[in-house]
Amino acid sequence: MLHKALPGFRDFYPPEFAVRSHITGVWREIAHRFGFEEYDGPPLEALELYVEKSGEEIVGQLYNFVDKGERAVALRPEMTPTLARRVAARAAGLRKPIRWFSVPQLFRYERTQRGRLREHFQWNVDILGEEAVAADAEVLAVALAALQALGLTGDDVVARYNDRRLLERLGLGAGGGADRLLATYLAIDKLTREPREVIRDRLVSVAGIGATVADAVLAIFQYRDLAELRLAFGKSESVLRELDRLEAYGAQLARLGFGAYTAFDPTIVRGLAYYTGTVFEIFDRRGELRAICGGGRYDNLLRNIGAVSLPAVGFGMGDVVLGELLAERGLLPAHRPRADYYLIAVTEAERPVLLQVAGALRARGAAVLYGLKHANVGKQFKDADARGAREVLVFGPEELAAGQVVHRVMGTGEERRTPLSEWLGGGA
RNA sequence: GUGGGCGUAGCUCAGGUGGUUAGAGCGCCAGGUUGUGGCCCUGGAGGCCGUGGGUUCAAGUCCCAUCGCUCACCCCA
């Protein structure tokens with residue numbers, strides 16, 4: 001056992017790779033179905049790209065080092081800064097709204113635990129250049145469509161959504177600057193995990209807001225749905241506007257077929273600094289795992305990073321937690337090697353013909369296997385079975401003399417003689 | 001970074017209170033079977049019992065350290 005993967009890094013043996021491939025395959029398929037184009041960038045970036053104000057809280061867990069050219073670099077911990085920078089550089093020439101997706105491998109240096117490694121693959125989908133709520137709905141819809149395609153229903157997962165603008169209108173930002181607002185979001189983010197008193201203390205001590213305001217803020221969360229909030233705060237024009245937008249968001253998602261997958265939840269705020277509007281997180285309904293996916297609107301990030309003003313909305317969905325959930329629900333396809341044909345030579349003398357047929361079949365697109373060293377027929381059949389061959393062709397001296405080969409269908413055991421020319425033919 | 005639990009074959013695990021050459025099932029390889037797979041039978045390879053140190057006549061077993069995995073914190077992709 002000389003070389004194991006570094007802590008938090010995974011080896012993908014064929015069975016594990018099959019799982020990863022299944023998940024990323026669905027991601028790509030669904031992204032294309034929604035009209036998103038794939039892009040990528042380097043996995044290693046200048047450290048400063050992440051140290052900038054786009055997300056201070058990430059920096060402490062960066063996988064960073066100094067390279068041989070004495071550049072401070074970091075393995076990318078998230079895709080959004082890369083995306084923002086690239087889009088900003090070419091924004092003028094890109095048709096808006098920009099609909100892009102990516103499946104980058106991302107890295108963070110931190111203690112590993114369930115659902116959290118030092119490396120994972122994350123599906124990123126973003127729409128840039130559109131502030132209409134339809135863009136927000138489209139982005140969440142594509143995330144849910146992928147989960148649906150993977151076999152998860154509205155009974156398995158739920159997307160809880162909210163809008164930071166609503167919380168601001170409700171008084172969250174009362175008398176505070178951006179820093180205070182973010183600290184308040186971070187405190188609220190823990191609302192479901194920690195006792196109310198702890199949150200209240202944190203609002204006062206860390207976020208620096210007054211005790212009475214803190215109580216007012218916490219009071220917001222006794223209202224669990226939009227109708228209740230409308231009754232309680234409907235007098236305010238600006239609150240109404242936000243409630244209307246959230247209603248529209250939910251209604252559009254329902255129209256797109258995901259009503260059973262979505263629910264408004266005022267406690268969802270997300271920890272990242274750059275979100276400015278809608279935010280959402282997707283959880284397993286049983287609440288056994290971490291969030292499967294998180295995203296939202298970040299209208300100021302491109303202006304901050306690239307001096308181009310483009311509203312944006314997107315999400316990231318990792319392969320680790322999702323893989324755990326799919327495994328628990330028995331939704332991962334069984335990994336079994338597959339081949340269309342396994343060719344068997346009875347004696348070495350038939351090998352040249354066998355190779356010729358293998359070539360012809362492969363040229364037609366079939367998956368073809370045969371033993372690389374001679375073995376008795378029983379052994380070869382055993383190998384054909386173990387490697388998942390659907391059909392077997394037996395090349396024996398007797399049949400070849402008559403211009404025939406034996407064709408056996410493994411599933412049924414049905415077997416008959418067929419003309420060799422049929423297998424050598426180049427036509428489809 | 002903090003605390004708890006766990007490290008025996010490729011995998012899943014046995015190995016009472018220390019006691020000879022460390023076991024099973026599955027998997028893998030070979031044979032039974034030189035023209036027919038799944039089942040069965042036989043044999044084999046594969047372990048410095050995570051690593052290092054200590055206690056002891058004797059350590060897979062007890063002690064310490066360390067590394068790794070894991071769970072909970074911290075924090076969040």
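FYI, side chains are in, hydrogens and waters are out, and symmetry mates aren't considered; it's all heavy atoms of this structure.
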Grab the CD-P distance between A:E348 and B:G35 for me, whole Å please.
14 Å
Measure from the side chain of A:Q113, starting at C-beta and using heavy atoms only, and say which of B:C71, B:G35, B:U70 lies closest.
B:C71
Return the pairing partner of B:A30 with a 3.5 Å limit on both distances, Watson-Crick or G-U wobble; otherwise return none.
B:U42
When A:G115 and A:G413 are each assigned the nearest nucleotide of RNA chain B, the 5'-most assignment goes to A:G413
B:G68 P sits how many Å from A:R111 CZ, rounded?
9 Å
Pair assignment for B:G35, Watson-Crick or G-U wobble, requiring both distances under 3.5 Å:
none
In Watson-Crick or G-U wobble terms, with both distances under 3.5 Å, the base opposite B:G7 is B:C67
Without hydrogens or angle criteria, can the side chains of A:T24 and A:W123 be said to hold a donor-acceptor pair below 3.5 Å?
no
Testing the 3.5 Å rule here: is there a donor-acceptor pair between the side chains of A:Q105 and A:H120?
no
If I pick the C1' atom on B:U70 and the same atom on B:G25, what distance separates them, to the nearest angstrom?
25 Å
Say you pick atom P in B:U66 and the same atom in B:A22; how far apart are they, in whole Å?
31 Å
Does A:E399 make a side-chain donor-acceptor contact with the base of B:G35, cut-off 3.5 Å?
yes
NA contact type, A:G8, heavy-atom cut-off 4.0 Å: base, sugar-phosphate, or nothing?
sugar-phosphate
What's the gap between B:U56 and B:C71 when it is taken at their C1' atoms, as a whole Å value?
36 Å
Heavy atoms from C-beta onward define the side chain here; which of B:G3, B:C75, B:C76 lies closest to that of A:E110?
B:C75
Any strand, both distances under 3.5 Å, Watson-Crick or G-U wobble: B:U21 pairs with none
Verify ring pair (Phe, Tyr, Trp, His ring centres under 6.0 Å) between A:Y161 and A:F280, making sure each step is shown before the conclusion.
CA-CA 4 Å; A:Y161 61 87; A:F280 70 84; 8.8 Å; no
For A:L393, report the nucleic acid contact type (base, sugar-phosphate, nothing); a contact means any heavy atom under 4.0 Å.
nothing
Taking salt bridge (Lys or Arg N to Asp or Glu O under 4.0 Å) as the cut-off, I'd like each qualifying pair that reaches into residues 395-407 of chain A, sequence neighbours left out, listed once.
A:E399-A:R417
Scan A:G294 against the nucleic acid and name what it touches under 4.0 Å (heavy atoms): base, sugar-phosphate only, or nothing.
nothing
5'-most contact on RNA chain B (nearest-nucleotide basis), A:V346 vs A:L6, goes to A:V346
Output the single nucleotide from B:A30, B:G1, B:G35 whose closest atom is nearest the side chain of A:V394.
B:G35
Looking at A:K379, I'd like to know whether one of its side-chain N or O atoms comes within less than 4.0 Å of OP1 or OP2 on B:U36.
no
What's the CD1-C1' distance between A:I344 and B:G35, to the nearest Å?
9 Å
Find the partner of B:C73: check Watson-Crick (N1-N3 plus N6-O4 or O6-N4) and G-U wobble (N1-O2, O6-N3) distances, both under 3.5 Å, and reply none if neither fits.
B:G1
Closest nucleotide among B:A30, B:G37, B:U33 to the A:D385 side chain:
B:G37
To the nearest angstrom, how far is A:R114 atom CZ from B:A72 atom C1'?
13 Å
Could you work out the separation of B:G5 and B:A9 based on their P atoms and round it to a whole Å?
22 Å
For A:R338 and B:G37, what is the distance between atoms CZ and C1' respectively, to the nearest whole Å?
13 Å
Ignoring backbone atoms, establish whether A:K382 has a side-chain N or O less than 4.0 Å from OP1 or OP2 of B:U36.
no
G-U wobble or Watson-Crick pairing nucleotide for B:C48 (cut-off 3.5 Å, both distances)
none
Counting only distance, no hydrogens or angles, is the base of B:C76 paired donor-acceptor with the side chain of A:R116 under 3.5 Å?
yes
In Watson-Crick or G-U wobble terms, both distances under 3.5 Å, what is the partner of B:A14?
none
Using the C1' atom as the reference point in each nucleotide, state the distance between B:C76 and B:G54 in Å, no decimals.
42 Å
Can you measure A:D383 atom CG to B:C28 atom P for me and round it to whole angstrom units?
11 Å
Look at all strands and tell whether A:T112 reaches a base, only sugar-phosphate, or nothing, counting heavy atoms closer than 4.0 Å.
sugar-phosphate
Inter-nucleotide P distance (B:G18, B:G52), Å rounded
24 Å
Looking at A:L289, is its backbone amide N or carbonyl O close enough to the side chain of A:D284 to form a donor-acceptor pair, meaning the two atoms are under 3.5 Å apart?
yes
I'd like the C1' distance from B:G1 over to B:A45, given in whole Å.
45 Å
note: A:D11, atom CG; B:C69, atom C1'; distance rounded to Å ~ 14 Å
Who pairs with B:U56 - Watson-Crick or G-U, where each distance is under 3.5 Å
none
Side-chain contact, heavy-atom cut-off 4.5 Å: A:R71 with A:V66?
no
If you look at every strand shown and take non-hydrogen atoms under 4.0 Å, does A:E350 touch a base, only sugar-phosphate, or nothing?
nothing
Nearest listed nucleotide, side chain of A:P7, among B:G68, B:G35, B:U34:
B:G68
Base, sugar-phosphate or nothing for A:R118? Non-hydrogen atoms, less than 4.0 Å.
nothing
When rounded to the nearest Å, what value does the distance between P atoms of B:G38 and B:C28 take?
12 Å
Let's test your reading of the model: under 3.5 Å, does the base of B:U36 pair with the side chain of A:Q380 as donor and acceptor?
no
Give the table of side-chain donor-acceptor pairs shorter than 3.5 Å for residues 342-354 of chain A, with sequence neighbours excluded, one pair per line with atom names and distance.
from   : atom 1 : to     : atom 2 : distance (Å)
A:Y342 : OH     : A:G371 : N      : 3.2
A:Y342 : OH     : A:D383 : OD2    : 2.7
A:T347 : OG1    : A:A349 : N      : 3.2
A:T347 : OG1    : A:E350 : OE1    : 2.8
A:T347 : OG1    : A:E350 : OE2    : 3.0
A:E348 : OE1    : A:R351 : NE     : 3.3
A:E350 : OE1    : A:T347 : N      : 2.6
A:R351 : NH1    : A:G371 : O      : 3.2
A:R351 : NH2    : A:G371 : O      : 3.2

Where the side chain of A:F381 is defined as all heavy atoms beyond and including C-beta, which of B:C76, B:G35, B:U36 is the nearest nucleotide?
B:U36
Taking atom types as modelled, is there a side-chain donor on A:N300 or A:Y275 under 3.5 Å from an acceptor on the other?
no
When we call it a touch if two heavy atoms are under 4.0 Å apart, what does A:V406 touch: a base, just sugar-phosphate, or nothing?
base
Separation of B:G10 P from A:Y13 OH (nearest whole Å):
10 Å
Hey, what do you get for CZ (A:R118) to CZ (A:F107), rounding to the nearest 0.5 Å?
12.5 Å
